[in-house]
Amino acid sequence: MSNYFCAKISQEHSEEVRSLALKLGVPKENIIFSAIGCQFCTLGVYIKFEKRSTLELFSNESAPYVLERW
């Protein structure tokens, strides 16, 4: 079963969020950023995790970068 992380982040923090996901073993093709539907200087981030435990760890470590969780 897959687990997904979806949130709005500041555009300036996109590389920190990407690096954190990659550090936790998420393949780069499972990380998507999109500006569709977001305000100026914000992005939507969508990440697919294979393990719930990795999703929970990422959620805790990425909290300072998240403006809104979807």
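- Side chains of I9 and T42 form no contact here, defined as non-hydrogen atoms less than 4.5 Å apart.
- Distance check, rounded to the nearest 0.5 Å: NZ of K51 to CG of L57 gives 11.5 Å.
- Partners of S19 by side-chain contact (heavy atoms from CB on, under 4.5 Å), not counting sequence neighbours: none found.
- Residues satisfying the salt bridge (Lys or Arg N to Asp or Glu O under 4.0 Å) test with R69, not counting sequence neighbours, are none.
- Here the shortest heavy-atom pairing between R52 and N3 reads N-ND2, 3.3 Å.
- Sequence neighbours left out, the pairs with a member in residues 3-34 that pass ring-ring contact (aromatic ring centres under 6.0 Å, His included) are F5-F58, H13-Y65.
- In this structure, S59 contributes its side chain and L55 its backbone to a donor-acceptor pair below 3.5 Å.
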Would you mind writing out the side-chain donor-acceptor pairs for residues 20-29 within the sub-3.5 Å range, not counting sequence neighbours?
none

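- Heavy-atom minimum distance, C38 versus W70: SG-CH2, 4.1 Å.
- Two residues are said to be in side-chain contact when any heavy atoms from C-beta on lie closer than 4.5 Å; S34 and L43 fail this criterion.
- Residues satisfying the salt bridge (Lys or Arg N to Asp or Glu O under 4.0 Å) test with E68, not counting sequence neighbours, are K8.
- Closest approach of A7 to V66, counting heavy atoms only: CB-CG1, 3.9 Å.
- Here E16 pairs with nothing under the salt bridge (Lys or Arg N to Asp or Glu O under 4.0 Å) rule; sequence neighbours left out.
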